[in-house]
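Every heavy atom of this structure was used, including side-chain atoms; hydrogens, water molecules and symmetry mates were not.
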Amino acid sequence: MNISFQKTHQRAFGTFPLKGEILAQAIAAAAAVGYRAFDTAQMYGNEGDTGAALKATGLARDELCITTKVQPENYGDDRFIASVEQSLTDLQIDQVDILLLHWPAPEGDLVPSLRLLQQAQELGLARNIGISNFTAAMMRQARAVVDVPLVTNQVEFQPLLDQDILLAAAVETGIPLSSYCSVARGEVFKYPLFGEIGAGYGKSAAQVVLRWILQKGVAINTMSTKPANIAENFEVMDFTLSSIDMARIEAMKAVGFRVVTKELVSIAPEWD
């Protein structure tokens, strides 16, 4: 089974942009309600704080699924492996559960960074490897270049954005998706539909959105600093959206709202 879909791992707690005591409190709250998957990245500048906070939870290492991501500045032959080793030092672990390329190589040639990613796994630095922010064409190329399973393509996935092309590529390549910006940084709450649907299940608008993502076959990453919201985001496994409600939410993709545009992140690819 794909590690991202093992029990609690399909609901990961994201750490961006948290640092310091705020991050420590959030991770403690997340661990207390049942989160066991935690997501960080070199680019976030909080791997050290994340490692310390996870250590402070007292959870056994084998209970945790820790994801980090290599930033493009470290894709060179002389930097990639050393940067992953530094990430492990900061996280206070010997091996990361999932290691991702945070972005496609900005210069356009994906092959060198993908091969270095596989090398990191072969060296035992990562239990599993994957990609992030790859387009459908890039997913196909990654599948052709890498000789081992890629456990995810972490992308923006939320109901106000049409990601059908990526979902089709996930089926074609066997590289499942996982979501970030799962509630579109609050944009979904501007639309009454989610709350209306939630009322029928005794659930919040956010829980409806997260459940929709899961039922699309996509793992979720969520972040909050509020204990009540942290718990609410985790409690999405005890109900199932009907096919009618799934279709009503599906229609919201016509909104066409994207959080992570090229204007926000200059190295973003030309999105599908």
Side-chain angles (χ1 to χ4, degrees), residues 4 9-19 22-23 26 30 35 37-46 50 67-69 71-72 98 100-104 130-136 138-139 152-167 169-170 175-191 193-195 198 204-226 229-230 232-234 236 249-272:
S4 298
H9 295 178
Q10 61 192 312
R11 293 163 289 168
F13 186 78
T15 62
F16 179 80
L18 308 180
K19 295 182 181 180
I22 293 175
L23 173 59
Y35 279 96
F38 295 86
D39 181 276
T40 183
Q42 294 174 355
M43 194 176 286
Y44 300 168
N46 67 5
T50 297
T67 296
T68 196
K69 313 175 196 74
Q71 61 183 335
I98 305 176
L100 307 180
L101 298 179
H102 203 153
W103 291 93
I131 51 182
S132 183
N133 295 303
F134 273 43
T135 65
M138 292 171 176
M139 291 172 71
T152 195
N153 180 20
Q154 189 181 114
V155 297
E156 179 175 347
F157 195 99
Q158 39 87 1
L160 305 181
L161 179 65
D162 186 346
Q163 291 287 41
D164 285 352
I165 291 174
L166 283 184
L167 280 171
I175 305 172
L177 304 181
S178 57
S179 75
Y180 66 77
C181 293
S182 302
V183 295
R185 294 190 179 169
E187 186 73 14
V188 296
F189 303 129
K190 296 179 181 179
Y191 298 87
L193 174 68
F194 304 107
S204 70
Q207 288 172 316
V208 166
V209 170
L210 298 177
R211 185 65 205 177
W212 177 82
I213 294 172
L214 286 171
Q215 287 181 222
K216 294 289 287 183
V218 177
I220 54 176
N221 289 274
T222 57
M223 187 283 294
S224 178
T225 58
K226 299 177 180 178
N229 290 348
I230 291 170
E232 182 179 284
N233 291 341
F234 190 73
V236 293
I249 297 170
E250 188 80 12
M252 294 299 294
K253 68 187 181 185
V255 173
F257 177 82
R258 182 185 289 278
V259 175
V260 182
T261 62
K262 284 186 70 67
E263 288 71 29
L264 182 66
V265 181
S266 61
I267 61 172
E270 294 294 334
W271 299 118
D272 292 311

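Closest non-hydrogen pair, Asn221 versus Ser179, comes out as ND2-O, 2.8 Å. Between Pro104 and Ser132, the shortest heavy-atom contact is CD-O, 3.8 Å. Closest approach of Leu214 and Ala219 over heavy atoms only: CD2-CA, 4.4 Å.
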Assess whether side chain to side chain contact (heavy atoms under 4.5 Å, CB included) is satisfied between Ile131 and Met139, documenting all intermediate values. CA-CA 8 Å; Ile131 51 182; Met139 291 172 71; 4.2 Å; yes

Checking Met223 against Phe16 for the side chain to side chain contact (heavy atoms under 4.5 Å, CB included) test, could you report, in this order, the C-alpha distance in whole Å, the side-chain angles of both residues, the deciding distance, and whether it holds? CA-CA 7 Å; Met223 187 283 294; Phe16 179 80; over 6 Å; no

Evaluation steps, side chain to side chain contact (heavy atoms under 4.5 Å, CB included), between Val183 and Thr222: CA-CA 8 Å; Val183 295; Thr222 57; 6.0 Å; no

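A distance-only check finds a donor-acceptor pair linking the side chain of Asn46 to the backbone of Thr15 [under 3.5 Å]. Between the side chain of Gln158 and the backbone N or O of Val209 there is no donor-acceptor pair closer than 3.5 Å. Asn133 contributes no side-chain N or O that, together with a main-chain N or O of Val155, makes up a donor-acceptor pair within less than 3.5 Å. Between the side chain of Thr152 and the backbone N or O of Pro176, at least one donor-acceptor pair lies under 3.5 Å. A donor-acceptor distance shorter than 3.5 angstrom exists from the side chain of Asn153 to the backbone of Phe134, with no hydrogens or angles considered.
Remark: Thr68 pairs with Thr40, Glu47, Ser87, Leu91, Val96, Leu99 by the side-chain contact (heavy atoms from CB on, under 4.5 Å) rule, at least two apart or across chains. Judged as a side-chain hydrogen bond (donor to acceptor under 3.5 Å, both in side chains), and not counting sequence neighbours, Lys262 has no contacts. Residues that satisfy the side-chain hydrogen bond (donor to acceptor under 3.5 Å, both in side chains) test with Asn229, not counting sequence neighbours, are absent from this structure. In this view, Tyr35 and Phe13, Phe234 satisfy the ring pair (Phe, Tyr, Trp, His ring centres under 6.0 Å) rule, not counting sequence neighbours. Partners of His102 under the ring pair (Phe, Tyr, Trp, His ring centres under 6.0 Å) rule, at least two apart in sequence or in another chain, are Tyr44. By the side-chain contact (heavy atoms from CB on, under 4.5 Å) test, Ser204 pairs with Ala206, Gln207, Glu232, sequence neighbours left out. With sequence neighbours excluded, the residues satisfying side-chain contact (heavy atoms from CB on, under 4.5 Å) with Thr67 are Asp39, Ile98, Leu100. Looking at residues two or more places apart in sequence or on another chain, you find no side-chain hydrogen bond (donor to acceptor under 3.5 Å, both in side chains) involving Gln10.
The shortest distance between side-chain heavy atoms of Cys181 and Arg258 does not fall below 4.5 Å.
Here the OG1-NZ distance, from Thr50 to Lys19, works out to 10.5 Å after rounding to the nearest 0.5 Å. With rounding to the nearest 0.5 Å, the separation of CH2 in Trp103 from CE in Met138 is 10.5 Å. A distance of 7.0 Å separates CD1 of Ile22 from CG of Leu18, quoted to the nearest 0.5 Å. To the nearest 0.5 Å, the span separating CG on Leu193 from CD1 on Ile249 amounts to 6.0 Å. Separation of atoms CD1 (Ile220) and CZ (Arg211) is listed at 9.0 Å; rounding is to 0.5 Å.
Sequence neighbours left out, the pairs with a member in residues 205-226 that pass ring-ring contact (aromatic ring centres under 6.0 Å, His included) are Phe157-Trp212. Screening residues 175-185 for salt bridge (Lys or Arg N to Asp or Glu O under 4.0 Å) gives no qualifying pairs among residues at least two apart or on separate chains.
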Donor-acceptor contacts under 3.5 Å from residues 263-272 side chains, at least two apart:
unit_1 : atom_1 : unit_2 : atom_2 : d
Glu263 : OE1    : Thr261 : OG1    : 3.4
Trp271 : NE1    : Val260 : O      : 3.0
Asp272 : OD2    : Ala136 : N      : 2.8

Sequence neighbours left out, cut at 3.5 Å: what donor-acceptor pairs do the side chains of residues 159-167 make with other protein atoms?
unit_1 : atom_1 : unit_2 : atom_2 : d
Asp162 : OD1    : Asp164 : N      : 2.9
Gln163 : NE2    : Glu156 : O      : 2.7
Asp164 : OD2    : Lys253 : NZ     : 2.4

